[in-house]
Engineer: 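Mind having a look at this structure? Questions to follow.
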Amino acid sequence: MKLDWETDRSPDQCNQALAEWFADEFEGEPTEPPLPGGRQAALAALQQYDASHYGKSRNFLDAPVSQLAIYLRHGMLTMPEVRDEMRRRYAGSPHVIEEFLRQLAWRDFFEHALEYYGAALQDDLEPAKHSVPRDNRLPTDIANGTTGLPCIDGMLAELFETGYLHNHERLWFAAYFCHYRGLDWKAGAELFRQYLLDGDWASNSASWQWVESTFASKPYFMNQENIAHYSNKRWCQGCKVVCPFKGSYEQLQVKLFDRGRAPLAVVPGKEGRS
Ligand SMILES: Cc1cc2nc3c(=O)[nH]c(=O)nc-3n(C[C@H](O)[C@H](O)[C@H](O)COP(=O)(O)OP(=O)(O)OC[C@H]3O[C@@H](n4cnc5c(N)ncnc54)[C@H](O)[C@@H]3O)c2cc1C
């Protein structure tokens, strides 16, 4: 079937064509994507994105990020195009886009990792740098977004409804999944691939392994202070639950990793690559 997305089909016709094309692949009615698809929309998003405050603000949920990963993931933009456009636009002040290009380089590195490791990237690349066992199920409270923790359920609702999560939310959720729930990163990575519009095999699996410490020298985890600060207290204000993330990094390290076994050189990851 030939699909000409950019020219002769209305959104309704595109949805209809998709529904027929992927009839056995999804449940429910087709829905409008949160971002317009296609090459023209991708180029417009690239041209409109103001990266001048990216370095200082990217870790904050309220700060505008580019959302270009969705277009990169689906081949609507290439990494060299994004890099060159940013370099051209910020030629007079290259330091402004240093952090943006660094993140793009991570994406490039993860694609090389996938090329190098192949299917092995979907399995532990190294032993975890802790000795806490993992359970490979996806618990129903997570699958349904009903864990009872407002922040985690908020992130899950956002994932399910929009197909997007900010990088910091991805890190927090992955740390919750692996370290606070003791679950296998592969089940979490599968959940992300299922719902993220930019879900892929390279950045997704490599990032989950980075959080778990099977592709990094230490596990990444966060505390409540970190979530409250970078989310501008989005969920913490008025939160009534007993917060599992409350405590210093030193206290949480003991709680998460020192369960009667000697931890393997665990160092608290405050920000790391996030
Ligand atoms: C657990 C976990 C799972 C992830 N899964 C995916 C995934 O399936 N697909 C995906 O594309 N990215 C994934 N990422 C990386 C990152 O979170 C997204 O690329 C980014 O949040 C996409 O939003 P954006 O385009 O607005 O990014 P921006 O912050 O605007 O960044 C610009 C571009 O740089 C690249 N980039 C930014 N942050 C990262 C990062 N931490 N690692 C690698 N590249 C980065 C992306 O290509 C992004 O489009 C994951 C990160 C984590 C922690």
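Both counts, for ligands and for their atoms, begin at 1 and track the order of listing.
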Engineer: Considering only heavy atoms of L72, which atoms of ligand 1 have at least one such atom less than 4.0 Å away?
Structural biologist: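 Per the distance check, 47 (O), 49 (O).
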
Engineer: Quick one: does ligand 1 sit under 4.0 Å from the side chain of I70, the backbone, both or neither, non-hydrogen atoms only?
Structural biologist: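 Neither part.
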
Engineer: Out of W172, Y180, F173, which one pairs with F245 under the ring pair (Phe, Tyr, Trp, His ring centres under 6.0 Å) rule?
Structural biologist: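 For F245, the ring pair (Phe, Tyr, Trp, His ring centres under 6.0 Å) check succeeds only for Y180.
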
Engineer: Which atoms from ligand 1 have a heavy atom of L171 less than 4.0 Å away?
Structural biologist: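 So the answer, numbered in order with elements, is 53 (C).
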
Engineer: Report yes or no: is the cationic atom of R39 (NZ for Lys, CZ for Arg) closer than 6.0 Å to the six-membered ring centre of Y71, at no more than 45° off its axis?
Structural biologist: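 Not satisfied by the 6.0 Å and 45° rule.
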
Engineer: For ligand 1, which is the ligand I care about here, please tell me if Q67 has any N or O atom under 3.5 Å from one of the ligand's N or O atoms.
Structural biologist: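 Yes, there is a polar N/O contact under 3.5 Å.
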
Engineer: What atoms of ligand 1 come closer than 4.0 angstrom to any heavy atom of L68?
Structural biologist: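 Close to L68: 25 (O), 49 (O).
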
Engineer: Can you list the atoms of ligand 1 that are under 4.0 Å from a heavy atom of A69?
Structural biologist: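 Numbered from 1, ligand 1 contributes 11 (O), 19 (O), 22 (C), 25 (O), 49 (O).
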
Engineer: I need the minimum non-hydrogen distance between I227 and S231, along with the two atoms involved.
Structural biologist: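 Of all heavy-atom pairs spanning I227 and S231, the closest is O-OG, 2.6 Å.
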
Engineer: Taking the six-membered ring where the residue is Trp, are the ring centres of Y90 and F100 under 6.0 Å apart?
Structural biologist: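 Not close enough - the centres of the two rings lie 6.0 Å or further apart.
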
Engineer: Which atoms of ligand 1 sit under 4.0 Å from any heavy atom of F100?
Structural biologist: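 Counting from 1, the qualifying ligand atoms are 32 (C).
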
Engineer: Compare every heavy atom of A113 with every heavy atom of F215, then report the nearest pair and how far apart it is.
Structural biologist: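 For F215 and A113, the tightest heavy-atom pair comes out as CZ-CB, 4.4 Å.
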
Engineer: Pick whichever of G188, P64, A202, S203 has a heavy atom sitting closest to atom 10 (C) of ligand 1.
Structural biologist: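 Shortest heavy-atom distance from atom 10 (C) of ligand 1: S203.
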
Engineer: Check this for me: does any side-chain nitrogen of one of R107 and E111 sit under 4.0 Å from a carboxylate oxygen of the other?
Structural biologist: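 Between E111 and R107 there is a salt bridge, with a charged N closer than 4.0 Å to a carboxylate O.
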
Engineer: Looking at F110, which atoms of ligand 1 are within less than 4.0 Å of one of its heavy atoms?
Structural biologist: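 Ligand 1 atoms under the 4.0 Å threshold to F110: 42 (N), 43 (C).
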
Engineer: Under a 4.0 Å heavy-atom limit, does N167 contact ligand 1 with its side chain, its backbone, both, or neither?
Structural biologist: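 For N167, the contact with ligand 1 is made by both the backbone and the side chain.
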
Engineer: Decide if atom CD of E85 counts as having more than 12 heavy atoms of other residues, nucleotides or ligands within a radius under 6.0 Å.
Structural biologist: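 Count over threshold, so yes.
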
Engineer: Is it the side chain, the backbone, both or neither of Y49 that has a heavy atom closer than 4.0 Å to ligand 1?
Structural biologist: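 For Y49, there is no contact with ligand 1 at all, from either part.
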
Engineer: Less than 6.0 angstrom separating the ring centers of H179 and F257, yes or no?
Structural biologist: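 For H179 and F257, the ring centres are under 6.0 Å apart.
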
Engineer: In residues 114-121, what donor-acceptor pairs under 3.5 Å come from side-chain atoms, sequence neighbours left out?
Structural biologist:
none

Engineer: Is any NZ, NE, NH1 or NH2 atom of the basic residue among R181 and D135 found under 4.0 Å from an Asp or Glu carboxylate oxygen of the other?
Structural biologist: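 Salt bridge: no.
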
Engineer: Is the closest basic N to carboxylate O distance between E99 and R102 below 4.0 Å?
Structural biologist: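 Yes.
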
Engineer: Give me the atom names and distance for the closest heavy-atom approach of P64 to Y49.
Structural biologist: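 That would be O-OH, 2.9 Å.
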
Engineer: Using a strict cut-off of 4.0 Å, indicate which atoms of ligand 1 neighbour a heavy atom of Y164.
Structural biologist: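 Near Y164, meaning under 4.0 Å from one of its heavy atoms, ligand 1 has 23 (O), 24 (P), 26 (O).
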
Engineer: Measuring from non-hydrogen atoms of L104 to any atom of ligand 1, is the shortest distance under 4.0 Å?
Structural biologist: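 Within the 4.0 Å threshold, so yes.
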
Engineer: If hydrogens are left out, which of R107, R170, R73 has an atom nearest to atom 11 (O) of ligand 1, that is, the closest non-hydrogen atom?
Structural biologist: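 Ranked by closest heavy atom to atom 11 (O) of ligand 1, first place is R107.
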
Engineer: Does the N or O separation between Y54 and ligand 1 drop below 3.5 Å for any pair?
Structural biologist: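 Y54 vs ligand 1: N/O contact under 3.5 Å present.
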
Engineer: Does only the side chain of W210 get under 4.0 Å from ligand 1, or the backbone, or both, or neither? Count heavy atoms.
Structural biologist: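 The answer is neither.
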
Engineer: F192 heavy atoms, cut-off 4.0 Å: which ligand 1 atoms fall inside?
Structural biologist: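 The list of qualifying atoms is 1 (C), 3 (C).
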
Engineer: Pick whichever of V211, V82, L197, D198 has a heavy atom sitting closest to atom 7 (C) of ligand 1.
Structural biologist: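 Heavy atom nearest to atom 7 (C) of ligand 1 belongs to D198.
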
Engineer: Specify side chain, backbone, both or neither for F173, according to which of its non-hydrogen atoms lie closer than 4.0 Å to ligand 1.
Structural biologist: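 Neither part.
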
Engineer: Just distances here: any N/O of H166 and N/O of ligand 1 closer than 3.5 Å?
Structural biologist: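 Between H166 and ligand 1 (N or O atoms, distance only) the closest approach is not under 3.5 Å.
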
